[in-house]
Each structure stands twice: as structure tokens, then as C-alpha cells.
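Basis for what follows: all heavy atoms, side chains included, without hydrogens, waters or symmetry-related copies. Each chain gets a letter, A, B and so on, in the order its sequence line appears, and its residues count up from 1.
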Number of protein chains: 2
Amino acid sequence: MDDVFRALADTSRRLLLDRLHGQPGQTLGELCQGLEMSRQAVSKHLAILADANLVVSLKRGREKLHYLNPVPIHEIADRWIGKYQRAPLNALAALKTRLEEKKDDQ
Amino acid sequence: MDDVFRALADTSRRLLLDRLHGQPGQTLGELCQGLEMSRQAVSKHLAILADANLVVSLKRGREKLHYLNPVPIHEIADRWIGKYQRAPLNALAALKTRLEEKKDDQ
DNA sequence: TTAATATGCAACTGTATGGTTGCATGTCAA
DNA sequence: TTGACATGCAACCATACAGTTGCATATTAA
């Protein structure tokens, strides 16, 4: 799961996921279009995303088609975020008002 | 939102969130107990979490009480993960079986 | 006031990371 | 077969980052 969090930490990689979500099966070259990065930079990002299993790929001739794999994101949502969904929002709201009352505290 | 993803990328910081989730209002010293890190390392992590608004704190005398703020996590779940929840799992499953059929691709 | 406690700040270090350039490999088309 | 195209690999660079050590500041208690 660490791989997934690490992979998601970078804006460029989240952008790539976003693009693959919008249009699945894009090649490396297609993913590069419109980006400021070099092809090799994109390739490295894709490798990191693939290591985290967030992207799977399929070779077709000299091209490589890339697909978003939402499963790790689902798992994070279920196993990790779910835990914090049950966090006491009301208790925090009360704390926040206390903090706002005496703003000098930082 | 970038701050939040960055903050969540580190295992130690997720551990700290976990501890604050289990027992809210802990001081820096309390959070250090049982960890291998130095106090300053924990302090830095807390600063990063605070920048991302994942942790809010409240000064009480010479102590500083730390609380988990689940709001940014909720926002990520709603605004970001929600988008991928609607990703076509079936299409991917089909792709995966294709990949497994000819494993030499990778 | 003084000592102990709790935290904050700053400088420094090693390593991870994002990015580049250059070249190699593999595949398609003429 | 030859050239163009798509991708892969390796070395290199600058910066970010996690962590440390050392000292400063602020609060409590004797």
C-alpha cells in the first residue's frame, strides 16, 4: 500500500491517471502530447504507477497500451479511508471553534 | 490538495495519523513514545501534517495537544477517489484476463 | 529563582526523487 | 533491407526530503 500512496503523491502522476481515466489504452507517445515533460519523464512515471499496480499495460507491436487500474484506489478507499470516515467530525468541529476563539495560539 | 497527498505519502506520517485517530489530543512527547524516531523527526512530520490541515493543535501551557482532522481525507475521498470509483472495473477485468493469457508480455 | 520539562528553531547529512540527455532495441513500412 | 517510428535503458544532475545533532525558548514546580 505504501507504493500506492507514494505513487499518488506526485501531481504529474495523478494527471496521468486522470488522462488514462478519460481515455484508456493510450500509448506512451499519446500520453506525452500536450505535456511539458519529456517522453522519458512520462515513461518513468508510468513505471512507478505500474509498480504500484495503478496502471497495467499491454503490448501491441511496437506500441504499449496503458490502462488505469482502479483496484488499488478502491482498496485505499475501503481499507484506509473508511477508518477515518468514522472519525468524530463533531468533536473536531467543537475543537475548531475553540481554536478560532483564541487565534493567537496558531 | 497536493499538500494532502504529499503528507499521506510517508508511512511515518500515516502512523501518526493512526495514533491520533486512536487517541486524540496527544502531545508531541506522547506521540514519540514507542517510536524509533527522534522527537524532532516527529515534530517535523506533525508540521507537514499541520500544513496539509490533517492535524490541528491546541496549546495548553507548555504542552501542545494534537488532533486528527479527517476533513481533507473526506475531501479526497469525495472529490478525487469518487471519480475513480466509477471507473469501469469490468473492462479492466477483461483486460487482465487478456494479460494473463499471454504472460510473456508484461 | 532555579531546575526540570515540553517544545521550537537552525544547520547539517545522506539518500530518494524528478528530470534531463544520449544511445540501444525492437517493430513496422517502403 | 533500410529508414522511420515507439519504446527501453543507463548515466548524470539538481533538488527535495527524512532524519540527526545542538542549542534556544517557554512553562511548570520546588
Can you tell me if the side-chain N/O atoms of A:Ser43 get under 4.0 Å from OP1 or OP2 in D:dT7? no
Look at the side chain of A:Gln40 and the base of C:dG22, then say whether one donor and one acceptor between them are separated by less than 3.5 Å. yes
Nearest-nucleotide check on DNA chain C, B:His66 vs A:Glu36; residue mapping nearer the 5' end is B:His66
State whether the distance check finds a donor on one side and an acceptor on the other, under 3.5 Å, for side chain A:Arg39 versus base C:dG19. no
Does D:dA26 have its OP1 or OP2 closer than 4.0 Å to a side-chain nitrogen or oxygen of B:Lys59? no
By nearest atom, which of the nucleotides C:dT20, D:dT20, D:dA18 is closest to the A:Met37 side chain? C:dT20
When you look at B:Arg14 and A:Asp2, which way does the side-chain contact (heavy atoms from CB on, under 4.5 Å) test go after all the steps? CA-CA 10 Å; B:Arg14 293 200 305 277; A:Asp2 204 54; 2.8 Å; yes
Between the base of C:dG8 and the side chain of B:Arg62, is there any donor-acceptor pair under 3.5 Å? no
Has B:His45 got a side-chain N or O lying under 4.0 Å from the OP1 or OP2 atom of D:dG19? yes
Tell me whether the side-chain N/O atoms of A:Lys64 come closer than 4.0 Å to OP1 or OP2 in D:dG8. yes
For A:Arg60 and C:dG26, give me the distance from atom CZ to atom C1', rounded to whole Å. 16 Å
Value in whole Å for how far the P atom of C:dA6 lies from CG of B:Leu58: 17 Å
Is there a side-chain contact between B:Thr27 and the phosphate of C:dT7, meaning an N or O under 4.0 Å from OP1 or OP2? yes
